Amino acid sequence: MNKSIRELRLVAEASVLAIGLLMSSGASADDDLMRTARQIFHPIPSVIPAVKDNPVTHEKVELGKILFFDPRLSASEIISCNTCHNLGSGGVDAGPTSVGHGWKVGLRRAPTVYNAVFNAAQFWDGRAADLKAQATGPVQASAEMNATPDHVLDTLNSMASYVVLFKNAFPNEASPVSFENFAKAIEAFEATLITPAAPFDQYLEGNTHALDDQQKSGLALFMEKGCSSCHNGINVGGQAYFQFGVMKKPDATLLPKADKGRFAVTKAVGDEYVFRAAPLRNVALRAPYFHSGQVWSLKQAVALMSEIQLGAKLSDGEENDIVAFLNSLTGRLPKIEYPILPTRTNTTPKPSIDR
């Protein structure tokens with residue numbers, strides 16, 4: 001049996017056991033629903049989480065923010081991290097798949113950067129263990145920023161302001177301007193991009209009135225139907241890998257044959273068309289959906305997932321209720337002031353769109 005299917009069934013069985021609590025006597029339905037939800041999900045904390053081997057300091061975060069918004073780190077000098085992970089639109093860009101250097105179209109939908117610090121791994125296929133590793137990928141990818149570590153370092157070292165910022169962020173290092181520290185600074189900034197205080201968080205923390213009746217109905221359905229088998233934990237997903245199309249294979253529009261998902265990382269046949277379960281925090285803000293970015297309606301996405309992953313067809317009312325619950329996952333986005341970037345000098349590398 002495919003590993004992802006076994007995992008899904010095991011988690012589904014656990015969810016079913018938890019749902020049994022809803023039938024217990026001596027407690028209100030609201031109390032039972034909240035108790036069950038707390039076994040499967042966790043609220044986003046209001047404090048910035050710790051990052052392994054990378055203390056999150058104010059100086060490092062401020063440097064990471066500037067780097068996140070600086071397009072001059074790309075070969076063309078028109079693409080920044082924020083281009084594909086737009087903080088004003090749910091941490092993603094507008095199209096089905098991202099457009100990068102030389103108008104190259106990427107293979108996959110850009111994953112959101114919001115709450116990414118809570119994911120077990122980064123990218124749809126989990127090829128980056130953490131945000132630091134993730135930060136080094138797009139800047140070098142030919143279809144994205146198309147730069148090199150040397151280009152990044154030449155750009156940073158050409159501006160005195162950047163040199164000072166790196167010294168302040170990494171005060172105990174003899175050579176603070178490095179590609180590794182570039183990645184660490186971006187990781188520190190991205191660790192601050194958490195969205196607490198969603199209605200669902202408030203509900204998990206004990207406020208039974210934080211969700212309305214339809215949202216509570218949607219939450220119950222989300223657990224009872226098995227959606228929470230894959231989408232659970234603090235990020236309501238992002239923790240495990242599952243085959244896309246467990247019960248029914250999607251058509252080639254949703255599941256392009258050329259993109260075999262996690263197989264490209266592990267080379268294991270069982271990982272063909274396996275992807276990390278999408279985290280559903282703020283999902284209502286970031287259509288289109290799935291790794292192929294081909295579904296523009298959240299209600300349609302819910303219907304498709306139920307059919308192809310769980311083998312169940314939802315009624316119109318059930319779809320509406322689950323969508324209402326998913327809307328309760330929209331949290332308080334941090335207010336990000338657009339930074340003033342260091343001024344280029346005569347030694348700053350010039351833009352290149354030809355290579």
Side-chain angles (χ1 to χ4, degrees), residues 1-18 40-41 52 96-98 106-112 115-134 136-138 141 143-144 222-281 283 288-295 301-314:
M1 185 186 295
N2 183 283
K3 181 181 178 183
S4 64
I5 298 177
R6 289 201 307 271
E7 290 176 345
L8 189 152
R9 290 182 177 176
L10 287 172
V11 178
E13 290 171 3
S15 296
V16 169
L17 290 174
I40 300 173
F41 311 102
K52 183 180 179 181
T97 59
S98 297
L107 293 176
R108 295 176 186 161
R109 174 81 172 130
T112 181
N115 302 307
V117 68
F118 299 121
N119 293 333
Q122 305 302 321
F123 297 114
W124 284 96
D125 54 18
R127 64 185 183 273
D130 50 35
L131 289 171
K132 182 179 69 175
Q134 186 275 334
T136 66
E144 296 181 62
F222 192 85
M223 296 186 291
E224 291 168 4
K225 296 294 184 179
C227 307
S228 59
S229 300
C230 300
H231 300 282
N232 48 60
I234 193 170
N235 223 3
V236 196
Q239 302 306 308
Y241 305 92
F242 301 94
Q243 187 178 50
F244 189 46
V246 172
M247 304 303 295
K248 178 182 177 181
K249 187 175 182 179
D251 62 39
T253 303
L254 295 178
L255 186 65
K257 292 182 179 179
D259 184 359
K260 294 189 177 182
R262 189 152 172 78
F263 172 78
V265 179
T266 67
K267 306 302 180 186
V269 175
D271 282 337
E272 289 188 352
Y273 305 108
V274 168
F275 297 87
R276 187 195 63 188
L280 298 184
R281 292 287 185 170
V283 66
Y289 301 107
F290 307 135
H291 69 284
S292 50
Q294 294 298 313
V295 175
V302 167
L304 281 167
M305 287 299 284
S306 178
E307 183 178 353
I308 66 178
Q309 296 300 103
L310 303 174
K313 184 172 178 58
L314 299 173

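Just so you know, residue 1 is the first one in the sequence shown, and it goes up from there. Nothing here was measured: the structure is a model prediction, and the numbers come from that model.
- For A143, the side chain to side chain contact (heavy atoms under 4.5 Å, CB included) criterion is met by K104, not counting sequence neighbours.
- In this structure, NZ on K249 lies 9.0 Å from CD on Q243, to the nearest 0.5 angstrom.
- Across all their heavy atoms, G261 and F275 have their closest contact at CA-CE2, 3.4 Å.
- Put simply, the side chain of V236 reaches to within 4.5 Å of the side chain of F222, judged on heavy atoms.
- In terms of modelled atom types and a separation under 3.5 Å, the side chain of Y273 and the main chain of K257 share a donor-acceptor contact.
- Although no hydrogens or angles enter the test, the distance criterion places a donor-acceptor pair under 3.5 Å between the side chain of Y289 and the main chain of V283.
- To the nearest 0.5 Å, the span separating NZ on K267 from CD on E272 amounts to 10.5 Å.
- Using a 4.5 Å heavy-atom cutoff, the side chains of F123 and P138 are in contact.
- Contact between P111 and R276 at its shortest, heavy atoms only, is CB-NH2, 4.3 Å.
- Interatomic distance, N115 CG to L280 CG, rounded to the nearest 0.5 Å: 11.5 Å.
- The shortest heavy-atom contact between A110 and S98 is CB-OG, 3.4 Å.
- Between the NE2 atom in H231 and the CD1 atom in I40 there is a gap of 13.0 Å [rounded to 0.5 Å].
- Not counting sequence neighbours, the partners of R109 by the side-chain hydrogen bond (donor to acceptor under 3.5 Å, both in side chains) test are D93.
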Residue pair C227, L310: steps toward the side chain to side chain contact (heavy atoms under 4.5 Å, CB included) verdict:
CA-CA 8 Å; C227 307; L310 303 174; 4.2 Å; yes
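- For D259 and R108, the salt-bridge test passes: some basic side-chain N is under 4.0 Å from an acidic carboxylate O.
- The two residues P288 and Q294 make their nearest non-hydrogen contact at CB-N, 4.4 Å.
- Residues K248 and E307 approach most closely at NZ-OE2, 2.7 Å, considering heavy atoms.
- Taking each heavy atom of V265 and R127 in turn, the nearest pair found is CG2-CB, 3.7 Å.
- For the pair P256 and L107, the minimum side-chain heavy-atom distance is 4.5 Å or more.
- Residue L131 holds its CG atom at 11.0 Å from OG1 of T136, rounded to the nearest 0.5 Å.
- With a 4.5 Å cut-off on side-chain heavy atoms, M305 and C230 do not count as touching.
- A distance of 10.5 Å separates CG in D125 from NE2 in H291, rounded to the nearest 0.5 Å.
- Residues forming a ring pair (Phe, Tyr, Trp, His ring centres under 6.0 Å) with F41 (at least two apart in sequence, or on another chain): F200.
- Using a 4.5 Å cut-off on side-chain heavy atoms (C-beta onward), F290 and L255 make no contact.
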